[in-house]
There are 2 protein chains.
Amino acid sequence: MGDTTWKTAAASTDPEQACPIAPVVDIVFSRWTTPILWTLNQHGRQRFVELQRRITTITPKVLTQRLRQLERDGLIVRTYHPEVPPRVEYEISDLGRSLAPLFAHLAEWAAVNLDKVDRARHAYDNASAH
Amino acid sequence: MGDTTWKTAAASTDPEQACPIAPVVDIVFSRWTTPILWTLNQHGRQRFVELQRRITTITPKVLTQRLRQLERDGLIVRTYHPEVPPRVEYEISDLGRSLAPLFAHLAEWAAVNLDKVDRARHAYDNASAH
DNA sequence: ATAGTCACTTTCCTCTAGGTACCTACTATA
DNA sequence: TATAGTAGGTACCTAGAGGAAAGTGACTAT
């Protein structure tokens, strides 16, 4: 009767209904945003080509797209120098830097547990093979 | 799921060249895996329909797919009871539970910084409108 | 005159996660 | 008789992320 444990929230598009971290996942964790944020945090201010050289498999189109998105979300800062050849520098913002401990936490989890996931996969595959 | 795309998924493409946490992102953070893990960690052992009711917008097909993937990765445990309406229970594994502090960390970041992202977006949109 | 640099942009294409809708076997209940 | 509940499976389709390759503009070095 007196319980209020249901969801009265707006019925927009929401996998986050039940999960408060879903929006963060959307903003920070995708195939390319995470590596970009990581290298920017690790190696400081960098130019477009430097990012391209470090994240070897990204294409220029996608790199531009992700950088724009991260800039719009306030996680990185873009500085354009109207020189000849043009020079653009990207650096992590204060907001972006606030993710650093989180990333460290994640890296630690990866170091400890990634092989467990691998073993679980092999066990599952072997079990379902028979 | 009838495909075999997951068998050789080990050394395909690698954005993780420069980023040690990319594999974790791939395993844990997607549109549906995160909410599933979250509610399983929050509300304990649950049946298929309970999960469906909590994560209101997920379809049964996708729920099955993500649950299978999480089971294969060793993050959740599936228990099948061959009764007469069939009963299946899902619970988080020890490996999955080891993500809990990380999720808490993420939730805290979200609570503090999500509105900053929102403001950054509005600022960006207003600036580029002119 | 040609080639190269930089930071993209554009066009076209593929691939896959996810969505829609319907189906299964079995039984308890109305 | 007919409906509902359970845990999915199957077939088909769409949207969006991402990949490949070429082009652009303004200049410089050879």
Side-chain angles (χ1 to χ4, degrees), chain A residues 12-17 22 25-36 40 45-72 76-91 128, chain B residues 1-9 12-17 22 25-36 40 45-73 76-91 128:
Chain A
S12 53
T13 56
D14 47 66
E16 64 258 27
Q17 196 94 9
V25 173
D26 219 48
I27 294 165
V28 178
F29 299 113
S30 85
R31 172 156 197 203
W32 296 118
T33 49
T34 309
I36 290 171
L40 238 31
R45 173 182 311 177
Q46 280 163 88
R47 305 178 58 172
F48 190 87
V49 277
E50 296 181 273
L51 286 169
Q52 210 181 165
R53 275 194 274 262
R54 276 200 227 273
I55 308 167
T56 52
T57 49
I58 200 170
T59 63
K61 191 196 75 169
V62 176
L63 181 53
T64 307
Q65 286 177 342
R66 297 296 125 234
L67 286 171
R68 284 292 184 292
Q69 178 194 320
L70 289 169
E71 189 197 359
R72 184 171 108 99
I76 66 173
V77 177
R78 186 184 114 115
T79 317
Y80 178 74
H81 305 271
E83 301 169 1
V84 174
R87 185 163 59 92
V88 179
E89 290 181 315
Y90 296 92
E91 59 184 318
S128 58
Chain B
M1 237 184 2
D3 296 341
T4 51
T5 43
W6 45 325
K7 276 188 110 177
T8 53
S12 49
T13 53
D14 46 57
E16 64 258 24
Q17 198 92 9
V25 173
D26 218 48
I27 294 165
V28 177
F29 299 112
S30 85
R31 171 157 198 204
W32 296 118
T33 50
T34 310
I36 291 171
L40 239 30
R45 174 182 311 175
Q46 279 164 90
R47 303 179 60 175
F48 190 88
V49 276
E50 296 181 273
L51 286 168
Q52 211 181 162
R53 276 195 275 263
R54 278 201 227 274
I55 308 166
T56 52
T57 48
I58 199 169
T59 62
K61 191 197 76 170
V62 175
L63 181 53
T64 307
Q65 286 178 340
R66 297 295 124 237
L67 286 171
R68 284 291 184 291
Q69 178 194 320
L70 289 169
E71 188 198 359
R72 185 172 107 101
D73 290 346
I76 66 173
V77 177
R78 185 184 116 115
T79 316
Y80 177 75
H81 304 273
E83 300 169 1
V84 164
R87 186 164 59 91
V88 179
E89 290 182 315
Y90 296 93
E91 58 185 319
S128 58

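Lettering follows sequence order; numbering is per chain, from 1. Being a predicted model, the structure only gives us computed values, none of them experimental. Side chains included, hydrogens not; waters and symmetry mates left out as well; all remaining heavy atoms used.
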Sidechain-backbone polar pair: B:Thr56 side chain, B:Arg53 backbone, donor-acceptor under 3.5 Å: no
Residue-phosphate contact under 4.0 Å: B:Arg31 side-chain N/O, D:dG16 OP1/OP2: no
Spacing between A:Glu50 atom CD and C:dT5 atom P, to the nearest angstrom: 15 Å
Side chain to side chain, A:Pro86 and A:His81, heavy atoms closer than 4.5 Å: no
Atom of A:Pro35, atom of A:Ser30 and distance for their closest heavy-atom approach: CD-O, 4.1 Å
C:dC6 phosphate, OP1 or OP2, under 4.0 Å from A:Tyr80 side-chain N/O: no
Interatomic distance where CD1 belongs to B:Ile27 and P belongs to C:dA17 [whole Å]: 14 Å
Side chain to side chain, A:Ile36 and A:Leu70, heavy atoms closer than 4.5 Å: yes
Protein-nucleotide distance (B:Arg78, atom CZ; D:dA7, atom P), rounded to Å: 10 Å
A:Arg66 and A:Arg31, any side-chain heavy atoms less than 4.5 Å apart: no
Beyond-backbone contact of B:Trp32 with B:Ile55, side-chain heavy atoms, under 4.5 angstrom: yes
Residues touching DNA chain D, which here means a heavy atom under 4.0 Å, drawn from residues 60-70 of chain A: A:Lys61, A:Val62, A:Arg66
Value in whole Å for how far the C1' atom of C:dA7 lies from CD of A:Gln52: 9 Å
Close side-chain approach of B:Glu89 to B:Gln46, heavy-atom, < 4.5 Å: no
Whole-Å gap separating C1' (C:dG18) and CD1 (B:Ile58): 10 Å
Set out, line by line, the N/O atom pairs under 3.5 Å between protein and nucleotides 3-6 of chain D.
| unit_1 | atom_1 | unit_2 | atom_2 | d |
| --- | --- | --- | --- | --- |
| D:dT6 | O3' | B:Arg47 | NH2 | 3.0 |
| D:dT6 | O3' | B:Pro86 | O | 3.0 |

Ranges pairing with ranges for DNA chain C, where each run has three or more Watson-Crick or G-U pairs under 3.5 Å: C:1-30 with D:1-30
B:Thr33 side chain reached by B:Val28 side chain, heavy atoms, under 4.5 Å: no
Atom-pair distance (OH on A:Tyr90; C1' on C:dA7), nearest Å: 7 Å
Min side-chain heavy-atom separation A:Glu50-A:Phe48 under 4.5 Å: no
Closest contact, heavy atoms only, B:Tyr80 versus B:Val88: CD1-CG2, 3.4 Å
Spacing of B:His81 atom NE2 relative to D:dG8 atom C1', expressed in whole Å: 16 Å
Any side-chain heavy-atom pair of A:Thr34 and B:Phe29 under 4.5 Å: no
